[in-house]
Chemist: 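Below you will find the structure I want to go over with you.
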Amino acid sequence: MGEVRCVIHRNPGKTGSTVFLHLDGCFDRQSSADLRKELKQAFGRSRGARVVVDMAGVDLIGSECIEVLLVGYTRAMRSGHGYEVVNAEGHVRQALEATGLCPRSDDNLYAPATGDAIEAALAELA
């Protein structure tokens, strides 16, 4: 697996502050303890404001690390922090969409077909 890298940045804003946790690498079972520690530090630095977890550099995420992100979400909800997971792509995004940590990008995938669409599809088969 690749090297795990977590970087925390504090960005003061007009209405408080946002702490960005930038993740880079593969987050599997072995890295879940490191992710838990970094997320705890991010919440500690946020002082009640928002924590944003940037997943742009994540190539792989295992279920243990998804659990850590879900625990972070629960902690944020209970303590009044803002919490957001952003920039996930590919398989990482699909896994996070399944948990609700990222909004679904394919909302139309499961839309019911209209009568016209069904008739057109059947006509193509004939």
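Numbering of residues begins at 1 and proceeds along the displayed sequence.
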Chemist: Measure the shortest side-chain to side-chain distance between Val86 and Val52 over non-hydrogen atoms and say whether it is less than 4.5 angstrom.
Modeler: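 Contact flag for Val86/Val52 side chains = yes.
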Chemist: Return the CZ to SG distance between Arg93 and Cys102, rounded to the nearest 0.5 Å.
Modeler: 5.0 Å
Chemist: Can you get from Met77 to Phe43 by hopping between Ile, Leu, Val, Met, Phe, Trp and Tyr side chains that sit under 4.5 Å apart?
Modeler: yes
Chemist: So do the side chains of Ser31 and Cys65 get within less than 4.5 Å of each other, counting heavy atoms only?
Modeler: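 Of all side-chain heavy-atom pairs linking Cys65 with Ser31, at least one is under 4.5 Å.
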Chemist: side-chain contact (heavy atoms from CB on, under 4.5 Å) between Phe27 and Leu60: does it pass, once the steps are laid out?
Modeler: CA-CA 6 Å; Phe27 287 81; Leu60 172 89; over 6 Å; no
Chemist: Taking the side chain as every heavy atom from C-beta outward, state whether Leu101 and Tyr73 have any atom pair closer than 4.5 Å.
Modeler: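 Sidechains of Tyr73 and Leu101: in contact.
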Chemist: Mind checking the CZ-CZ spacing from Phe20 to Arg50? Nearest 0.5 Å is all I need.
Modeler: 5.5 Å
Chemist: If we only count heavy atoms from C-beta on, is the Leu21 to Glu38 side-chain gap below 4.5 Å?
Modeler: yes
Chemist: Are the side chains of Ile61 and His91 in touch, meaning some heavy atoms are under 4.5 Å apart?
Modeler: no
Chemist: Taking all non-hydrogen atoms of both residues, which atom of Cys26 and which atom of Asp59 are closest, and how far apart?
Modeler: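 Taking every non-hydrogen atom into account, SG-CB, 4.0 Å.
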Chemist: Can you name the one residue among Asp54, Val92, Leu96, Thr99 that meets side-chain contact (heavy atoms from CB on, under 4.5 Å) with Val85?
Modeler: Leu96
Chemist: Side-chain contact, heavy-atom cut-off 4.5 Å: Lys40 with Lys37?
Modeler: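 Heavy-atom side-chain distance check fails, nothing below 4.5 Å.
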Chemist: Measuring from Arg36:CZ to Glu64:CD, what's the distance to the nearest 0.5 Å?
Modeler: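 Rounded to the nearest 0.5 Å, the CZ-CD separation comes out at 10.0 Å.
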Chemist: Check the pair Leu23 / Leu35 against side-chain contact (heavy atoms from CB on, under 4.5 Å), numbers first and verdict last.
Modeler: CA-CA 9 Å; Leu23 305 181; Leu35 179 58; 3.9 Å; yes
Chemist: What residues form a side-chain hydrogen bond (donor to acceptor under 3.5 Å, both in side chains) with Ser79, not counting sequence neighbours?
Modeler: His81
Chemist: Check whether Tyr83 reaches the backbone of Leu69 with its side chain - one donor and one acceptor, N or O, closer than 3.5 Å.
Modeler: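 Confirmed, Tyr83 side chain pairs with Leu69 backbone.
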Chemist: Give a yes or no answer on whether the side chain of Ser32 reaches the backbone of Asp28 with a donor-acceptor pair at less than 3.5 Å.
Modeler: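 Such a contact is absent between Ser32 side chain and Asp28 backbone.
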Chemist: Just so I know, are the side chains of Leu39 and Val68 near enough to count as touching, which here means a heavy-atom distance under 4.5 Å?
Modeler: yes
